[in-house]
Amino acid sequence: MSFLQRINPAWFLAGAAFFLPIKPAPVNLFLALALVFVLVNQSTRSRLASLFKHPISLAAYALIAWLLITLFFETSNFDSARDYLSKYLRILLLPFLAAAFLDRRDAFTVLDTFCMGVFASVLASFAVALGFFPWPEGSESPLLFKLHITHNFFIALATGYVAYRLRMQWSNITVWVKAVVLVALALTLYNFFFMVEGRSGWVAMAVLPVVVAYQRIGFKGSLLAAGAVSVVLCALYFGSDFFFTRVNAVIIEVQQWVDGQAIAQDTSNGRRLSFWLHSLEAFVQAPWFGYGMGGFESAVTPHAQAASFTFAFNNPHNQYLLFAVQGGVLALLLYCIFIGTVLLRNHSQHLVLLHGFTLAYVLLNMLNSFHYDFAEGVFFVLGLAALAFPVDQA
């Protein structure tokens with residue numbers, strides 16, 4: 001075996017995972033290197049045939065195949081489609097990235113380094129708050145790298161993973177390691193709840209314990225977890241001015257939009273509700289097959305103009321509505337089959353992680369278009385590759 005064949009492609013995926021919460025350029029470089037060494041390494045290359053036939057891969061490819069077909073619709077514009085195309089095609093990487101995980105430990109290596117990257121972004125946030133770096137213009141949060149949505153969503157996922165790892169390894173790690181991890185976790189959660197305004201991440205953080213409790217204990221466990229989460233959220237709402245203000249902003253902005261106040265066009269939640277409304281209006285005009293991958297803007301613009309909504313948009317901040325307008329009910333059905341196939345792979349070696357990870361995306365895609373966003377879209381593919389394809393069955 002040559003030197004190049006001895007290089008584990010998962011090492012490059014670990015590098016990509018580390019930089020995901022930080023900067024995109026190194027992510028693309030490490031992903032490219034991982035793909036090269038998947039093809040160079042005989043062990044990973046030999047897995048590709050079976051991975052392409054895996055039910056999850058087949059379901060993912062069926063979704064992408066339909067979205068590619070919609071490029072030829074009369075209502076689809078290829079120039080408009082180009083941006084979506086580059087994002088959706090990442091899903092095709094699933095079997096290639098899954099081939100890199102030759103050992104169960106590889107998944108932990110990649111996810112461990114992702115958590116390190118998340119903590120690096122948290123430390124950078126503290127550095128901005130303390131004045132070491134300039135506060136980002138127009139932002140209410142002290143962030144150096146990603147936007148608040150990505151920052152807090154990644155913290156929620158990393159926290160769930162760290163809790164899982166601590167539970168598995170608690171008796172095998174030293175006191176000093178425990179202390180370091182717990183201090184890092186405390187700093188991260190303080191940043192998450194009291195410094196950064198990413199409410200989508202708060203939603204994910206609230207749901208993950210309920211999912212884990214259901215996995216471990218059943219329905220009664222999920223009810224107990226939901227009750228405990230509710231108590232914590234109430235304590236944060238009444239005990240933290242920052243949390244109270246951010247939650248109340250949602251209520252006020254939604255009410256302004258419902259009342260038809262002009263100011264709603266200038267608020268985050270008011271715009272998002274208008275995005276959803278006009279996307280739904282476009283969808284009902286072509287429900288079965290949609291307008292094509294490049295037809296979103298031209299489909300929603302007339303409805304937005306009719307309502308005097310002047311904010312141009314090509315992303316409804318709801319992945320389901322984006323798929324619905326682009327590919328109709330058929331695209332939604334294929335996406336549901338894809339996600340259902342992931343969730344029903346009950347023999348995964350990482351079942352709790354897989355379900356928590358996937359359901360976080362399922363839920364947050366109601367508030368964002370994560371397959372259109374770079375960091376979230378890449379991590380979805382990387383996370384599924386690590387968790388949904390058991391090594392002994394791939």
Side-chain angles (χ1 to χ4, degrees), residues 24 67 80-81 83-88 90-91 136 138-141 143 146-157 196-207 246-247 249-258 263-284 290-291 293-305 307 309-328 331-332 335-336 339 358-380:
L67 291 173
S80 298
D83 192 33
Y84 302 105
L85 186 62
S86 64
K87 309 294 178 61
Y88 293 162
R90 286 192 296 252
I91 295 176
S139 174
E140 298 181 32
S141 302
L143 295 173
K146 296 295 183 179
L147 294 175
H148 58 278
I149 294 173
T150 305
H151 182 86
N152 267 14
F153 179 61
F154 278 175
I155 285 179
L157 294 179
V196 178
E197 59 177 325
R199 289 164 297 206
S200 296
W202 295 348
V203 173
M205 186 73 82
V207 170
R246 297 307 302 160
V247 172
V250 177
I251 299 170
I252 293 169
E253 291 171 10
V254 169
Q255 189 61 54
Q256 289 171 339
W257 185 86
V258 171
I263 194 175
Q265 286 202 27
D266 298 320
T267 66
S268 171
N269 292 288
R271 285 177 179 172
R272 186 168 301 196
L273 288 169
S274 292
F275 296 163
W276 294 354
L277 174 63
H278 303 315
S279 299
L280 277 171
E281 290 171 338
F283 166 66
V284 298
Y291 298 85
M293 194 188 301
F296 181 85
E297 286 185 79
S298 59
V300 300
T301 298
H303 300 284
Q305 291 177 341
F309 183 66
T310 58
F311 192 89
F313 66 101
N314 64 353
N315 174 11
H317 291 269
N318 181 305
Q319 188 65 59
Y320 305 103
L321 285 174
L322 185 55
F323 279 150
V325 174
Q326 292 176 321
L332 288 175
Y335 184 67
C336 289
I339 295 298
T358 306
L359 290 173
Y361 272 89
V362 167
L363 177 65
L364 270 296
N365 268 335
M366 297 179 185
L367 303 173
N368 305 280
S369 304
F370 277 164
H371 299 301
Y372 179 68
D373 298 326
F374 174 78
E376 292 90 338
V378 170
F379 192 56
F380 176 79

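Predicted model, so just to flag it, every value in this text is computed and none were measured.
Distance CG/L280 to CZ/F275: 14.0 Å, rounded to 0.5 Å. Of the inter-residue distances, the one linking Q319 atom CD with E376 atom CD reads 11.0 Å to the nearest 0.5 angstrom. Separating the CD1 atom in I252 from the OG1 atom in T267 is a distance of 10.5 Å, to the nearest 0.5 Å. Separating the CD atom in E197 from the CG atom in L147 is a distance of 9.5 Å, to the nearest 0.5 Å. The OH atom of Y320 sits 15.0 Å away from the OG atom of S279 when rounded to the nearest 0.5 Å.
Residues R199 and W202 have side chains in contact (heavy-atom distance under 4.5 Å, counting atoms from C-beta outward). At a threshold of 4.5 Å between non-hydrogen side-chain atoms, the residues F283 and V300 do not count as touching. Proximity of V207 to L359: side-chain heavy atoms (C-beta onward) are nowhere separated by under 4.5 Å.
Scanning for side chain to side chain donor-acceptor pair (under 3.5 Å) contacts around W257 gives S274, with sequence neighbours left out. Residues meeting the salt bridge (charged side-chain N to carboxylate O under 4.0 Å, His left out) test with R271, sequence neighbours left out: D266. In this view, A375 and L20, K146, T150, F154 satisfy the side-chain contact (heavy atoms from CB on, under 4.5 Å) rule, not counting sequence neighbours. With sequence neighbours excluded, the residues that form a ring pair (Phe, Tyr, Trp, His ring centres under 6.0 Å) with H278 are F309. Considering only residues two or more places apart in sequence or on other chains, S298 meets the side-chain contact (heavy atoms from CB on, under 4.5 Å) condition with none of them. By the side-chain contact (heavy atoms from CB on, under 4.5 Å) test, S80 is found to be paired with N77, E297, residues two or more places apart in sequence or in another chain being considered. Residues passing the side chain to side chain donor-acceptor pair (under 3.5 Å) test with D373, sequence neighbours excluded: none. Every side-chain contact (heavy atoms from CB on, under 4.5 Å) that Q255 has, sequence neighbours left out, goes to V258, D259. Taking Y372 as the reference, Y84 meet the ring pair (Phe, Tyr, Trp, His ring centres under 6.0 Å) condition, with sequence neighbours excluded. Residues passing the side chain to side chain donor-acceptor pair (under 3.5 Å) test with Q256, sequence neighbours excluded: none. Residues meeting the side chain to side chain donor-acceptor pair (under 3.5 Å) test with R90, sequence neighbours left out: none.
With hydrogens and angles ignored, the 3.5 Å screen pairs no side-chain donor or acceptor of N152 with any backbone N or O of G201. Side-chain atoms of E253 come within 3.5 Å of backbone atoms of N269 as a donor-acceptor pair (strictly under, hydrogens ignored).
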>> Under the criterion side chain to side chain contact (heavy atoms under 4.5 Å, CB included), I'd like the reasoning laid out for V203 against F153: C-alpha separation, chi angles, the key distance, then a yes or no.
In response: CA-CA 9 Å; V203 173; F153 179 61; over 6 Å; no
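Of all the heavy atoms in A282 and Y291, the pair that sits closest is O-OH, 2.6 Å. Residue P316 comes nearest to F296 through the heavy atom pair CD-CZ, 3.5 Å, listed as atom of the first residue, atom of the second, then distance. Residues A156 and A204 come closest through the heavy atom pair CB-CB, 3.9 Å.
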Which donor-acceptor pairs under 3.5 Å do the side chains of residues 364-371 make with protein atoms, sequence neighbours left out?
unit_1: N365; atom_1: OD1; unit_2: F370; atom_2: N; d: 3.0
unit_1: N365; atom_1: ND2; unit_2: Y335; atom_2: OH; d: 3.2
unit_1: N365; atom_1: ND2; unit_2: Y361; atom_2: O; d: 3.3
unit_1: N368; atom_1: ND2; unit_2: S200; atom_2: OG; d: 3.3
unit_1: N368; atom_1: ND2; unit_2: L364; atom_2: O; d: 3.4
unit_1: S369; atom_1: OG; unit_2: N315; atom_2: OD1; d: 2.6
unit_1: S369; atom_1: OG; unit_2: N318; atom_2: N; d: 3.1
unit_1: H371; atom_1: NE2; unit_2: Y335; atom_2: OH; d: 2.8

